[in-house]
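Data first, discussion second: the structure below is written as structure tokens.
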Amino acid sequence: MASIAHIIPRTLKGFRDYLPEAMIPRERLMETARQVYRSYGFSPIDTPALEYLDILTGKGSEETDRQLYRFQDHGGREVGMRFDLTVPLARFAAQHINQLGTPFKRYQIAAVWRGENTQRGRYREFMQCDFDTLGTRAVAADIETALVIHDLLQAIGFSRFTIRVNHRMVLNGLLERLGLVKHATAVLRALDKLGKMAPDKVAAEMAATAGTSAAQARQVLALSELSGSNAEILQQLVPLVSGSDLGEQGVERLAEILAGVASAGVAAERICLDVSIARGLDYYTGTVFETFLDDLPAIGSVCSGGRYDELTATYGKRDLPGIGASLGLDRLLAAMETLGMIAPVRTPAAVLVAFFDAQRMGDYLQLAAQLRSAGVGVEFYPEPRKLGQQLKYADQRGFRLAVIAGSREFEAGQCQVKDLQTGESQLCSLAHRAEAVVAAIRAVTA
RNA sequence: GUGGCUGUAGCUCAGUUGGAUAGAGCAUCAGAUUGUGGCUCUGAGGGUCGGGGGUUCGAAUCCCCUCAGCCACCCCA
């Protein structure tokens, strides 16, 4: 006997299998995102998982370059796996924008890969649901981006979340006044830690990485002392950036965004001006967004984005501004899981048709087909096993209803529609393509 | 990439100072129960104790390496 090589089945660190229980809510989320994006006029596109390496490098940050999965393909080409959907979009737009026209609004739901250390809600392969508007600098696009984030989270079922908004030009304006523009990245990175680190520690980091003086650090950190309502913070921001065109424009822009979002009917507590939000990605130039769940802020931002007005410049195309955001589907799912928002459903169909009378398979198949053509999801149990076992199966999988018919029912032209939650069942006529059965099912599942 | 904690059946966990064929509950399958699920009872299957090496007469237990998960840093969805 030849010995069989035994290979241990396993998955790579940070990569996961998705069982039905996980995949059903996951697909539901994607469906919700699609619906919301489409309702704003975003069109679907897709791009390859692999790109030429030079398309991807130097666009996000040093960190994303380090996390990039890269290798040589069989033709010796240097390639990389996309680490987000925004950089590929910039390449896509630089190639096709003349056919697309502007403004161009697209959404893309696809996996991305980052070779970083894992944690709850942080994986090496994860799904992003991006939407972006290219070709306009209009503030309406910034406002709409916030509105989409808001509608999306509401449609998913969240009521307690906060969209944090800031503007890179406010930060850059302040840095311009202080003569720190050259060290912007280092200063902003330190500033970003204000939520977690004491201000004097942040100042120390700034001094170390950006060479700021004590006075400069104090002025940057003055941002952290701003408090109050959005309007009050805006007011306090004015003197901090006065004299800097950039900064003044940024403050004005933020005011317009907050006003616009309010006119669309978004509750004031859902959106919050937070001047410490800088975001680590280098390509952002204007408005930036992060979205936190009030009940689980530790998991991090579940939907982030911002304005990037110069991303296509590196591909030789000038003047193609863009703004958009990305829903972190797998992170959000991890959050919903720990918040107990995921129902343990293991079937996507509502109804199980029991295979009861072994002589009548054709009748069951006909009934199931009739229900499906009326739009009802139906699973037909494949073996004529004991009814009790079939009901147990239905119960465990989370079917809402069972349709039961034996010779007694068939002879009367009827079947039972059993509600598995209440245990009650009613007799329905099979006449007219089982319309009475469909109606009884609808009454429960609607 | 750095540091800390953890790893025993599909899941949650017991397992004495290192001691004999490694246990329980839940889940799965079968039966009690050939026209009605969730309860009950009976029985069965399922483990190279994450993997590899070392110490020892003897390792689930101690040591080293490795893999994976969780947490923090970093960064981010």
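Across the protein-nucleic acid pair, Met81(A) atom CE and A77(B) atom P stand 18 Å apart, rounded to whole Å. The separation between Tyr284(A) atom OH and C75(B) atom C1' is 14 Å, rounded to whole Å. Rounded to whole Å, atom C1' of C76(B) lies 7 Å from atom CD of Gln67(A). In this structure, CZ of Phe126(A) is placed 5 Å from C1' of A77(B), rounded to the nearest angstrom. Distance CG (Leu352(A)) to P (G37(B)): 14 Å, rounded to an integer number of Å.
Contact annotation for Arg385(A): backbone-only contact, meaning every heavy-atom pair under 4.0 Å involves sugar-phosphate atoms and none involves a base. Using a 4.0 Å heavy-atom distance criterion, Asp419(A) is classed as a base contact. In this structure, Glu63(A) reaches the sugar-phosphate backbone alone: every heavy-atom distance under 4.0 Å involves primed, P, OP1 or OP2 atoms, never a base. No contact: Gln390(A) has no heavy atom under 4.0 Å from any strand. Using a 4.0 Å heavy-atom distance criterion, Thr86(A) is classed as making no nucleic acid contact.
Closest to the side chain of Lys392(A), out of G37(B), C75(B), U33(B), is G37(B). In the set G37(B), A27(B), C71(B), C71(B) carries the atom at the smallest distance from any side-chain atom of Arg120(A). Considering only side-chain atoms of Arg122(A), the nucleotide from G35(B), G37(B), C75(B) that sits closest is C75(B). The side chain of Lys386(A) lies closest to G31(B) when the candidates are G31(B), G69(B), G35(B). Nearest nucleotide to the side chain of Tyr123(A), out of G35(B), C74(B), A77(B): A77(B). Nearest nucleotide to the Leu387(A) side chain, out of U28(B), G35(B), C70(B): G35(B). Candidate nucleotides A72(B), G35(B), C74(B) were compared by shortest atom distance to the side chain of Asn117(A), and A72(B) ranks first. Listed nucleotides: U28(B), G35(B), G37(B). Nearest to the side chain of Gln396(A): U28(B).
Without hydrogens or angle criteria, Asp274(A) side chain to Val165(A) main chain gives no donor-acceptor distance under 3.5 Å.
Judged by distance alone with a 3.5 Å cut-off, a donor-acceptor contact links the side chain of Glu409(A) to the base of G35(B). Taking only distance into account, the side chain of Glu125(A) never meets the base of A77(B) through a donor-acceptor pair shorter than 3.5 Å. Between the side chain of Arg114(A) and the base of A77(B) there is at least one donor-acceptor pair of N/O atoms closer than 3.5 Å.
Open room surrounds CE on Met361(A); 12 or fewer heavy atoms of other groups in view lie less than 6.0 Å from it.
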Could you walk me through whether Phe161(A) and Phe292(A) pass the ring-ring contact (aromatic ring centres under 6.0 Å, His included) check? CA-CA 6 Å; Phe161(A) 61 90; Phe292(A) 291 89; over 10 Å; no

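Salt bridge absent: Glu125(A) and Arg16(A) never bring a charged side-chain N and a carboxylate O closer than 4.0 Å. A salt bridge between Asp419(A) and Arg400(A) is present, with a side-chain N of the basic residue lying under 4.0 Å from a carboxylate O of the acidic one.
Pairing for U21(B) is absent, judged as Watson-Crick or G-U wobble with the two contacts each under 3.5 Å. G3(B) is paired with C71(B) under the criterion used here, namely a Watson-Crick or G-U wobble arrangement in which both key atom distances are under 3.5 Å. Pairing for C76(B) is absent, judged as Watson-Crick or G-U wobble with the two contacts each under 3.5 Å.
Because its NZ or CZ atom is both nearer than 6.0 Å to the ring centre of Tyr18(A) and within 45° of the ring axis, Arg26(A) counts as a cation-pi partner of that residue.
Comparing C13(B) with G50(B), their P atoms are spaced 14 Å from each other, to the whole Å. Across the C1' atoms, A20(B) and A60(B) are found 15 Å apart, a figure rounded to whole Å. Rounded to a whole angstrom, the distance from the P atom of A24(B) to that of G35(B) is 35 Å. If you take atom P in A30(B) and the same atom in C5(B), they sit 46 Å apart, rounded to whole Å. Across the P atoms, A9(B) and U56(B) are found 30 Å apart, a figure rounded to whole Å. Separating the C1' atom of U33(B) from that of U40(B) is a span of 12 Å, rounded to the nearest Å. Nucleotides C49(B) and U42(B) place their P atoms 30 Å apart, quoted to the nearest Å. Comparing the same atom, P, in G25(B) and in U34(B) gives a spacing of 27 Å after rounding to whole Å.
Using cut-offs of 30° and 60° on the angle between ring planes, the pair Tyr37(A) and Phe131(A) is tilted.
For C76(B), neither phosphate oxygen OP1 nor OP2 lies less than 4.0 angstrom from any side-chain nitrogen or oxygen of Ser304(A). Using a 4.0 Å cut-off, some side-chain N or O of Lys13(A) falls inside it from OP1 or OP2 of G69(B).
A stacking contact between Phe356(A) and G35(B) is absent: the pair does not combine a ring-centre distance of less than 5.5 Å to the base's six-membered ring with planes differing by less than 30°.
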